[in-house]
Number of protein chains: 2
Amino acid sequence: MAKTPQGGTANASRRDAQGTRLRLLDAASELFAERGYERATVRDIASRAGANQALLFRYFGSKKALFGEVMARGGQEQLRSTPPERLFEVALRGMLAGGGKAGTDRSLEVCLRSIGGSDEIAEALRGLGEEYAEVLATLSEGETGSLRADLALSWLLGIGLMRVVVAKEPLASADPDTVCALVAGALGNLLENLPKNGPADGESAGNPE
Amino acid sequence: MAKTPQGGTANASRRDAQGTRLRLLDAASELFAERGYERATVRDIASRAGANQALLFRYFGSKKALFGEVMARGGQEQLRSTPPERLFEVALRGMLAGGGKAGTDRSLEVCLRSIGGSDEIAEALRGLGEEYAEVLATLSEGETGSLRADLALSWLLGIGLMRVVVAKEPLASADPDTVCALVAGALGNLLENLPKNGPADGESAGNPE
DNA sequence: CCCTTGTGTAAGCACCTGCTTACATCACGG
DNA sequence: CCGTGATGTAAGCAGGTGCTTACACAAGGG
């Protein structure tokens with residue numbers, strides 16, 4: 001089977017650069033999501049990947065570059081594969097589901113836990129935020145459309161912050177459906193083209209120019 | 001003028017423990033708000049206070065204890081001096097005003113910038129959050145009252161996060177009145193007893209008891 | 001006067017961080 | 001068989017962190 005370890009089907013038994021590179025990337029994804037950028041050390045990342053930290057630097061150059069690759073890899077799948085009017089709910093449900101499951105997009109979680117870090121990190125996070133906001137902005141018309149999108153995104157991040165990072169009760173263990181319904185109801189006034197399925201929705205009051 | 005330096009009107013010219021203790025506390029408040037817990041170093045705090053870091057440890061014991069005193073000092077004035085139905089708007093406006101002015105309560109800003117830190121810090125933040133949420137919970141009835149309060153608080157923090165920490169445009173430089181109006185409109189569905197009013201203060205709608 | 005007590009300060013310690021270097025080990029080509 | 005280059009590893013470096021220790025100065029009382 002295994003062709004040259006360089007080839008395609010990574011055997012990854014012993015000496016396989018591609019394989020260890022991938023393991024490093026996965027381990028970094030996990031640890032950045034669990035602890036944020038600053039508190040996830042390169043030693044821990046390498047250790048979880050079953051590799052040496054020197055390899056990390058050989059393959060990625062620096063911790064920041066590794067962070068960049070992590071964010072670029074998983075961050076935008078969800079963004080592209082979800083229609084705008086469902087993006088908010090999907091992202092919210094992903095956040096509410098928490099980090100338990102594998103395969104879910106944890107890049108927003110990484111954002112939340114990395115906020116206190118250096119300014120360059122904040123820059124990267126702003127980038128991801130702008131991609132989300134850009135999509136959400138299509139749900140509102142008028143000049144305040146992108147501002148409304150920012151506010152919606154703010155709520156999304158705030159909920160994740162309180163639930164995942166701070167673990168404030170009763171939000172931390174509230175039923176995702178309940179939370180979704182409450183948020184969707186209140187958000188109906190903000191993003192006009194959001195599909196209304198929540199319990200409460202008034203008629204939208206006059207819009208502000 | 002100056003009585004004994006121990007006395008009341010701190011001359012603080014040379015050897016005044018009370019004075020330097022206060023200066024350390026003030027410097028810590030500023031730096032924690034500017035950089036968060038982790039990135040504010042004891043050396044910087046002592047330096048800004050015009051003191052030596054050894055004094056900081058003599059007076060406060062540890063960096064965490066200093067953080068605790070900072071949070072306990074300024075954190076709850078606003079909370080106690082504001083009637084519940086105006087708490088959200090006051091806190092939101094404080095957040096929107098940003099750190100420019102002195103004297104405003106920056107404890108929420110400290111929270112936002114310190115999130116990535118150690119677990120004990122998250123605990124302290126949860127404490128402040130619960131006090132806010134407890135007050136906000138009085139604005140909704142039913143079983144989901146405190147959950148709605150959590151969601152409102154989440155939005156508050158999320159907005160601060162996007163505006164102050166991430167500096168995402170257009171939210172970062174949006175007009176506070178506009179933001180307040182948008183949020184209040186959407187939040188009317190969530191907190192039933194929130195006073196629905198225009199942007200600026202106007203005369204006090206209902207006075208507190 | 002000296003001695004005690006409170007205040008301020010410089011230097012250092014132990015640890016952790018991202019990152020680098022020198023060296024072992026394996027695969028493969030001559 | 002040996003060399004050559006890619007892969008993996010241990011040890012170390014420079015810098016920063018919270019925190020401690022040993023010491024200098026000022027005030028006041030015996």
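The analysis underlying the following values was restricted to heavy atoms, covering all of them including side chains, and did not include hydrogens, waters or symmetry mates. Convention: sequence-line order gives letters A, B, ...; per-chain numbering from 1. If you're wondering where the values come from, they're calculated on a predicted model, not measured in any experiment.
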Novice: Looking at A:Glu89 and A:Arg93, is any side-chain nitrogen of the basic one under 4.0 Å from a carboxylate oxygen of the acidic one?
Specialist: yes
Novice: So, using ring-ring contact (aromatic ring centres under 6.0 Å, His included) as the criterion, who are the partners of A:Phe60 when residues are at least two apart?
Specialist: none
Novice: Tell me: CG of A:Asn52 to C1' of D:dT7, nearest whole Å?
Specialist: 11 Å
Novice: So if I take the C1' atoms of five pairs at each end of the helix from C:dC1-D:dG30 to C:dG30-D:dC1 and get each local axis, what angle do the two axes make, rounded to 10 degrees?
Specialist: 50°
Novice: Under the side chain to side chain donor-acceptor pair (under 3.5 Å) definition, can you give me all pairs with a residue in residues 151-167 of chain A, not counting sequence neighbours?
Specialist: none
Novice: Who passes salt bridge (charged side-chain N to carboxylate O under 4.0 Å, His left out) against B:Glu34, sequence neighbours left out?
Specialist: B:Arg48
Novice: Going by the rule salt bridge (charged side-chain N to carboxylate O under 4.0 Å, His left out), which residues pair with A:Arg58 if we only count those two or more places apart in sequence or in a different chain?
Specialist: none
Novice: Hey, could you give me each pair passing salt bridge (Lys or Arg N to Asp or Glu O under 4.0 Å) that has a residue in residues 151-161 of chain B? Not counting sequence neighbours.
Specialist: none
Novice: Report which part of the nucleic acid A:Tyr59 touches: base, sugar-phosphate, or nothing (heavy-atom distance under 4.0 Å, all strands).
Specialist: sugar-phosphate
Novice: Roughly how many Å is it from CG in A:Asp16 to C1' in C:dT25, rounded to a whole number?
Specialist: 16 Å
Novice: Restricting both atoms to N or O, compile the protein contacts to nucleotides 14-18 of chain C shorter than 3.5 Å, with distance only.
Specialist:
residue, atom, partner, partner atom, Å
C:dG18, OP1, A:Lys63, NZ, 2.6
C:dG18, OP2, A:Val42, N, 3.2
C:dG18, N7, A:Arg43, NH1, 3.0
C:dG18, O6, A:Arg43, NH2, 3.0

Novice: How many whole angstroms separate atom CD1 of B:Ile45 from atom P of D:dT17?
Specialist: 11 Å
Novice: Could you state the CZ-P distance from B:Arg58 to C:dG6, rounded to the nearest angstrom?
Specialist: 10 Å
Novice: What pairs with A:Asp175 under salt bridge (charged side-chain N to carboxylate O under 4.0 Å, His left out), at least two apart in sequence or on another chain?
Specialist: none
Novice: D:dG8 phosphate, OP1 or OP2: any side-chain N/O from A:Thr20 under 4.0 angstrom?
Specialist: yes
Novice: Whole Å only: how far is the CZ atom of B:Phe67 from the C1' atom of D:dG18?
Specialist: 16 Å
Novice: For A:Leu55 and C:dT21, what is the distance between atoms CG and C1' respectively, to the nearest whole Å?
Specialist: 14 Å
Novice: With ring pair (Phe, Tyr, Trp, His ring centres under 6.0 Å) as the rule and sequence neighbours excluded, what pairs involving residues 17-53 of chain A come up?
Specialist: A:Phe32-A:Tyr37, A:Phe32-A:Phe67, A:Tyr37-A:Phe67
